[in-house]
Amino acid sequence: MENEIKMLISEEDVNKRIREIGEQISADYAGKELHVICILKGGVFFMCDLVKHITVPVTHDFMSVSSYGDKTVSSGRIKIIKDLDDSIEGKDVLIVEDIIDSGRTLHHLLQLLRARNPKSVRLCTLLDKPDRREIEVPVDYTGFSIPDLFVVGYGLDYAQHYRNLPYIGVIEG
């Protein structure tokens, strides 16, 4: 797959912001244990680096939820591909996502997880596209707000390609 990628957010800026978010989460959850739910596949890069900067005890689990497939625009149909392995009842939960745009997927996911009786649920995203929002979702921790561009890198993909870029880029042409 050959596409020209223009850098939007440098590797250094991504790493600096993740460190800052980790420090804020550590302060907010001081004295508590945090259960992190990583939304696969894109969120795994962010989650792995984020938890390195969280100083409170952390457990984690993974979910895979899709509304894109191989397209650049959300289909609006949400599919749970992999559910959690463990119960979240009574836990302080932090959902870690790579990007939020329309809000449809996260709205559905938040409803699903809240029905499982966690103590609390917060949402952390590396990237937020507020201009694309169709359904408001409460984003507690945001790495970067970006314009309505199709981005790749740092876990984000186009048809499963470009996840391994260490920066956030925009596909051009």
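Atom set for the values below is all heavy atoms of this structure, side chains included, hydrogens, waters and symmetry mates excluded. Since the model is a prediction, treat every value here as computed from it, not as a measurement.
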*Does some side-chain heavy atom of Q160 sit less than 4.5 Å from a side-chain heavy atom of D157?*
yes
_Pairwise side-chain contact, V36 with M47, heavy-atom cut-off 4.5 Å (strictly under)_ = yes
*Flag the pair K16 and E20 as a salt bridge only when some basic side-chain nitrogen lies within less than 4.0 angstrom of an acidic carboxylate oxygen.*
yes
Side chains of residues 135-149: which donor-acceptor pairs under 3.5 Å do they make with residues two or more places apart or in other chains?
| residue | atom | partner | partner atom | Å |
| --- | --- | --- | --- | --- |
| D140 | OD2 | L123 | N | 2.8 |
| Y141 | OH | D28 | OD2 | 2.6 |
| Y141 | OH | R122 | NH1 | 2.8 |

*Output the distance between atom CG (L106) and atom CD1 (I39), rounded to the nearest 0.5 Å.*
7.0 Å
*With no hydrogens and no angle check, is any side-chain donor or acceptor of S26 less than 3.5 Å from a backbone partner on T55?*
yes
*If you measure from CG on D131 to CG on D101, what distance do you get to the nearest 0.5 Å?*
11.0 Å
*Ignoring hydrogens and angles, tell me if any N or O in the side chain of N117 forms a donor-acceptor pair with the backbone of E89 under 3.5 Å.*
no
_If you apply the rule side chain to side chain contact (heavy atoms under 4.5 Å, CB included), what do you find for L109 with I37, and how did you get there?_
CA-CA 11 Å; L109 185 60; I37 297 175; over 6 Å; no
_Heavy-atom closest pair, residues I21 and C124_ = CG2-SG, 3.9 Å
_Are V65 and H108 packed together at the side-chain level, in the sense that at least one heavy-atom pair is separated by less than 4.5 angstrom?_
no
*Quick one: OG on S120 to CG on L34, what's the gap to the nearest 0.5 Å?*
8.0 Å
_Check: K129 side chain, I99 main-chain N or O, donor-acceptor pair, under 3.5 Å_ = no
_Would you say that V14 contacts F45 through its side chain, given a criterion of any heavy-atom pair below 4.5 Å between the two side chains?_
no
_My understanding is that only residues two or more places apart in sequence, or in another chain, count here; which of them pass side-chain contact (heavy atoms from CB on, under 4.5 Å) with K119?_
D92
*Taking every non-hydrogen atom, the tightest pair across I100 and D128*: O-OD1, 3.3 Å
*Start with the C-alpha distance between L127 and L156, add both sets of side-chain angles, then the distance that settles side chain to side chain contact (heavy atoms under 4.5 Å, CB included), and finish with yes or no.*
CA-CA 10 Å; L127 302 175; L156 294 120; 3.6 Å; yes
*Could you please spell out the steps behind the side chain to side chain contact (heavy atoms under 4.5 Å, CB included) verdict for F46 and D98?*
CA-CA 7 Å; F46 178 39; D98 56 357; 5.6 Å; no
*Student check: side-chain heavy atoms of T59 and D86 closer than 4.5 Å*: no
*Starting from the C-alpha separation in whole Å, work towards a yes-or-no answer on side-chain hydrogen bond (donor to acceptor under 3.5 Å, both in side chains) for R114 and Q111.*
CA-CA 5 Å; R114 286 184 178 132; Q111 287 182 321; over 6 Å; no
*asked:* If the test is side-chain contact (heavy atoms from CB on, under 4.5 Å), which one of L126, I25, V58 qualifies with L50?
replied: I25
*Start with the C-alpha distance between H107 and E134, add both sets of side-chain angles, then the distance that settles side chain to side chain contact (heavy atoms under 4.5 Å, CB included), and finish with yes or no.*
CA-CA 10 Å; H107 175 77; E134 295 173 15; over 6 Å; no
*asked:* Taking the side chain as everything from C-beta on, heavy atoms only, tell me whether V96 gets closer than 4.5 Å to H60.
replied: no
*With the threshold set at 4.0 Å, does a side-chain nitrogen-carboxylate oxygen contact exist between K52 and D49?*
yes
*Going from SG on C38 to CG on L94, what distance comes out if it is rounded to the nearest 0.5 angstrom?*
10.5 Å
*Does the side chain of E172 come within less than 4.5 Å of I5's, by heavy atoms?*
no
_One pair to check against salt bridge (Lys or Arg N to Asp or Glu O under 4.0 Å): K91 and D61. What are the steps and the verdict?_
CA-CA 12 Å; K91 295 180 180 180; D61 204 343; over 6 Å; no
*Could you give the distance from NE2 (H35) to CD1 (I95), rounded to the nearest 0.5 Å?*
10.5 Å
*Quick one: pull up NE2 in H161 and CG in N3 and give me the separation to the nearest 0.5 Å.*
9.0 Å
